[in-house]
Structures are given as C-alpha cells and as structure tokens.
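Okay, so here's the structure we're looking at.
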Number of protein chains: 2
Amino acid sequence: MARTQGSHSEITGPKLREAARSLFARYGYAAVSMRQIAAEVGVQAGALYNYIPDKQSLLFDLMKTHMDELLIAYDGHMRDGAPIDQLKQFVGFHIRYHAERPEAVFIAYMELRNLDPGNFAQIEALRRNYEARLEEILKAGVESSAFQVPDTRIAAMALIAMLNGVNTWFREGGRLSMAEIETLHWDMVRKGVLA
Amino acid sequence: MARTQGSHSEITGPKLREAARSLFARYGYAAVSMRQIAAEVGVQAGALYNYIPDKQSLLFDLMKTHMDELLIAYDGHMRDGAPIDQLKQFVGFHIRYHAERPEAVFIAYMELRNLDPGNFAQIEALRRNYEARLEEILKAGVESSAFQVPDTRIAAMALIAMLNGVNTWFREGGRLSMAEIETLHWDMVRKGVLA
DNA sequence: GTTTGATTTGAACAAGTGTTCAGTTAGGGT
DNA sequence: ACCCTAACTGAACACTTGTTCAAATCAAAC
C-alpha cells in the first residue's frame, strides 16, 4: 500500500487541522496522540508529517490562526461611534464570535502552557493586542466622562473574563438564546462601567 | 536499596500531593508523568503507589479536597447581613481565597476534562453548589429590590467568571495590591447588579 | 501511454508511559 | 538484641509516544 485513491493535500490538510482542533479541544494537547489525529483524518500517522513539521507546530498553527482571524474579524466588525456604542459592539462581537468557534477558543487559552516559549510569546502578544482594543474603548469613555472606570486595564481584563465565561457553559438549544445572553451581559457591562 | 533513612508516610504523603499539585498546575495532568512527580518527592515512582491507587485518583483527590475546603471556608467566612453586604463578602472572599491557592484553583477548572466520568460528576456537583450560594445572594437581593438582575443564574455565572479572571494575571508584587484589585472588582460587581 | 511528482503506507526507532511486585532496609516497639 | 512492619528500590511488564524514511501507489501533465 502507498498513496491512496482520492488523496489530495487540499483535502487532507484542512482535515488534519479540523481533527486536531476537535481532539485538542476535547482531550487536551498532551492527551492526544498523532495516531489518534491520523485515525480521525483517515490516514496513517506518518502521512501527517507532509503537512506539519511536528506536533508543537500544529498546536501553534491552530492558535495563531485563531488569534489572527479574531483580530481581523474584530477590525472588520467595528464601526465608529461613541464609547458606549463601541463598547456595546465589542460585547456583542466578542460573545457571538467566540460562541461560534468554541473549540478554537478553548484551545487558545487552555493550551497556552503547552506552547514552546517562543510560540507562547507570539500568542500572548496577539492576546494583549485584543485586550488593548477593549481598553482603548474604556479609556475613551473615561475621557469623555461617559464611563466611570478607575483602572481601565483591570476593567478590560475583568470584562473579557466575564464574557469568556459564556463559552464554558453555553450550549445551543439551552434555556436561553444567544441574543438573550448577549442582552443580559451587555446590561451588566453597561451598568458596571457607567458614570 | 530499599527503605530509606528518615522515610515516613506523614512526610511523603503530603509531599506527594504538593508535588503533584505544583506539576499538574504548571504542565497539566496529562503532560506530567509519575516519574516526574516521584523525582520531585525524592523517591522512585513505585513508592507513590503506597499512597494512591492510581494517577487518576491523585488528580481527583486534589480537586475534591480543594472544592471541599472551599465550601467549608466559605461557610465559615460568611456573616448574616443584607444582600448587598453578603455580595461584598462573597466578592472579597472569592478573590482572596482563590488568590492564595492559585495552583489548586488552576487544576480545579483546567483538568476537569481529565477526570473519569464519575469523578467529574462529583466535582461538578461541588462547583454548582458553590455557584448556587452566590445565586442565592442575588435572588435575595432581587426579592428585596436591592438588586436589578433579570436572570440570577446567568449573573452568578458571569460574576464568578469575572472574579476567576483575576487568577489568570494576578502576581504578588505587581502594579496593584490584592486590596486594590478587590476594591476595583467590588466596584464593578456592585454597579453591575444595582437597581 | 509514459513519465513525473505528489501522497501515503508500514515498519522501524529510541524513549517514555502507568503500574506491579519480590526483595531489601530502616523505624519503633518489646 | 530482637522482631515486625512500614517504606522504599529497582527491575520488569506490556504498551504508547513523536518522528523518520524507503518503498509503493495514485494523480495529472505531456
């Protein structure tokens, strides 16, 4: 046996990333073997190394891609407006965007410790970049006296932590719809930062 | 070689749990081997099995102990009072208690997926128990019209997520003291739930 | 129809996994 | 001084780990 029927890098490549994303999210990077990933792809473990240099790079690639796409999507989503409006946009965007890709989100903050130092630094920088965008909104709101926030950095971290919480328990078809959850959270965020 | 000088179960037992807690927190349950733990304890891997039936039980024991102690400490800490005062007590307790044992906290919510189903159910029940205590405070506040919280369950989850966030970035000797962080968070929580 | 290059297999590698246990030594009571 | 048992070693078990690579087979271009 060797090359199999219908084999194509444009099929196997994405399949590999999807399988890795799914398995890493469910069982964790360290607990998933290359052979498990290969089985999910429908291939032998050796074949995976046509697509990745090693397991670590696979993890990094998933996290890097996720963070890059997050920042691009955010920048494409935001419209100008008063700080209060921008904050509302942020909350809505964050909750929806993260709810739509729970696996990538889960990996991006659960597997940080499994990154090599250099890779970790890169992901960390992207994360800080995203956090800074929220802090800028808060700063603008404080400057215009729309918000009363004693420490914008802490507030940004606290708000993101709160919004991230949604991903730990939200399941499609549960008691509340995504829109209701969004409203409830926007309510708390708004009141929490208001002057 | 066999039994070593000064060997005692009252020393090795706790040492084992401390080593496991430290290593699991840093590298993750799946990434840490029994031999690594044994090396940290200063013993061969086989000796660990005088103290635990298997690796899984070690993880479960750490998590169960943490959750039990959390609930006991909480019940011992709380004093009667108006909902607003109880909420303030909760916020202070939660932030401080968790900041004092970052490793156990980290494990307790990062390693949930590495628990066997039965073990998972137990830890999950304890966690829900803790969350319910906060929700009770919120409910009481809504009933007395002190709080304006449309959905107490979601609010409880959101607030805990926000408070848990502190543990991801707080380091002793940083820009802010624990007391300042407490104040800042209490400010946001208070405003977020106020009528 | 032939050739070229892309793609996968299957076996191999050395190292590491959790766990067990017979054998050995130290601690503590008598 | 003796004995018992608590505590540990060190080797072994069967298996899994990430990764490499020659050989085999398919896809596609000519």
Side-chain angles (χ1 to χ4, degrees), chain A residues 1-24 26-63 107 111 113-119, chain B residues 1-21 23-24 26-63 107 111 113-116 118-119:
Chain A
M1 287 250 185
R3 177 168 191 174
T4 53
Q5 287 192 20
S7 63
H8 241 296
S9 62
E10 276 116 21
I11 295 176
T12 308
K15 248 188 167 180
L16 161 57
R17 266 144 202 100
E18 280 158 35
R21 180 165 37 238
S22 167
L23 289 169
F24 287 168
R26 207 181 342 244
Y27 304 109
Y29 173 75
V32 173
S33 73
M34 297 303 287
R35 284 173 181 80
Q36 281 178 61
I37 298 173
E40 186 93 355
V41 176
V43 96
Q44 295 298 315
L48 302 182
Y49 289 84
N50 289 326
Y51 301 92
I52 51 161
D54 47 39
K55 194 188 180 190
Q56 167 72 204
S57 303
L58 175 56
L59 174 62
F60 176 67
D61 184 62
L62 289 175
M63 296 176 76
I107 292 169
E111 303 297 352
R113 62 180 165 192
N114 286 311
L115 287 174
D116 291 346
N119 290 340
Chain B
M1 289 252 184
R3 178 168 191 173
T4 53
Q5 288 193 17
S7 62
H8 242 296
S9 62
E10 276 115 20
I11 294 176
T12 308
K15 248 187 167 180
L16 161 57
R17 266 145 201 98
E18 280 158 36
R21 180 165 38 235
L23 289 170
F24 287 169
R26 209 184 337 247
Y27 305 109
Y29 173 75
V32 173
S33 72
M34 297 303 286
R35 284 172 181 80
Q36 281 177 63
I37 298 173
E40 186 94 354
V41 175
V43 98
Q44 294 300 314
L48 302 181
Y49 290 85
N50 289 327
Y51 301 92
I52 51 161
D54 48 39
K55 194 187 179 188
Q56 167 72 204
S57 303
L58 175 56
L59 174 63
F60 175 67
D61 184 62
L62 288 175
M63 296 176 77
I107 292 169
E111 303 298 351
R113 62 181 164 191
N114 286 310
L115 287 174
D116 291 345
N119 290 341

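Side-chain atoms are counted along with the backbone in the values below, which use heavy atoms only and exclude waters and symmetry mates. Order of the sequence lines sets the chain letters (A, B, ...), proteins ahead of strands, with each chain counted from 1.
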[X] [atom1] to [N] [atom2], straight-line distance once rounded to whole Å:
X	N	atom1	atom2	answer
B:Lys15	D:dA7	NZ	P	14 Å
A:Lys55	D:dT16	NZ	C1'	12 Å
B:Met34	C:dT17	CE	P	11 Å
B:Ile37	C:dT19	CD1	C1'	13 Å
A:Gln56	D:dT19	CD	C1'	15 Å

It should be established whether [X] places a side-chain nitrogen or oxygen under 4.0 Å from OP1 or OP2 of nucleotide [N].
X	N	result
A:His8	D:dC26	no
B:Ser33	C:dT17	yes
B:Thr4	D:dA7	no

Spatial distance of atom CD1 (A:Ile107) from atom CE (A:Met63) [nearest 0.5 Å]: 8.0 Å
What pair of heavy atoms forms the shortest contact from [X] to [Y], and how long is it?
X	Y	result
A:Tyr27	B:Asn114	O-OD1, 4.0 Å
B:Ile11	B:Gly6	CD1-O, 4.2 Å
A:Leu115	A:Phe60	CD2-CA, 4.1 Å

Please list, one pair per line, the donor and acceptor atoms closer than 3.5 Å that link side chains of residues 29-48 of chain A to other protein atoms, with sequence neighbours excluded.
unit_1, atom_1, unit_2, atom_2, d
A:Tyr29, OH, A:Gln56, N, 3.2
A:Ser33, OG, A:Arg35, N, 3.4
A:Ser33, OG, A:Gln36, N, 3.1

Tell me, with the steps shown, if A:Ile52 and A:Leu16 meet side-chain contact (heavy atoms from CB on, under 4.5 Å). CA-CA 9 Å; A:Ile52 51 161; A:Leu16 161 57; 4.2 Å; yes
Nearest-nucleotide comparison on DNA chain C, the residue closer to the 5′ end among B:Ala30 and B:Gln5: B:Ala30
Let me spell it out: for each of B:Tyr29 and A:Ser7, pick the nucleotide of DNA chain C with the closest heavy atom. Which residue's pick is nearer the 5' end?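 Mapping each residue to its closest nucleotide by heavy atoms, the 5'-most match is A:Ser7.
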Nucleotide of [options] approaching [X] most closely (side-chain heavy atoms):
X	options	result
B:Arg35	D:dA7, C:dT17, D:dA27	C:dT17
A:Gln36	D:dA7, C:dG18, D:dT17	D:dT17
B:Arg3	D:dT19, C:dA6, D:dA6	D:dA6

Regarding A:Glu111 and B:Arg113, does a basic nitrogen lie under 4.0 Å from an acidic carboxylate oxygen?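 Result for this pair is yes, salt bridge flagged.
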Treating a pair as Watson-Crick (purine N1 to pyrimidine N3 plus N6-O4 or O6-N4) or G-U wobble (N1-O2 and O6-N3) with both distances under 3.5 Å, list the stems of 3 or more consecutive pairs that involve DNA chain C. C:1-28 with D:3-30
Give the residues of residues 40-51 of chain A touching DNA chain C, defined as any heavy atom closer than 4.0 Å, sorted by residue number.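 Listed by number, they are A:Val43, A:Gln44, A:Gly46, A:Ala47, A:Asn50, A:Tyr51.
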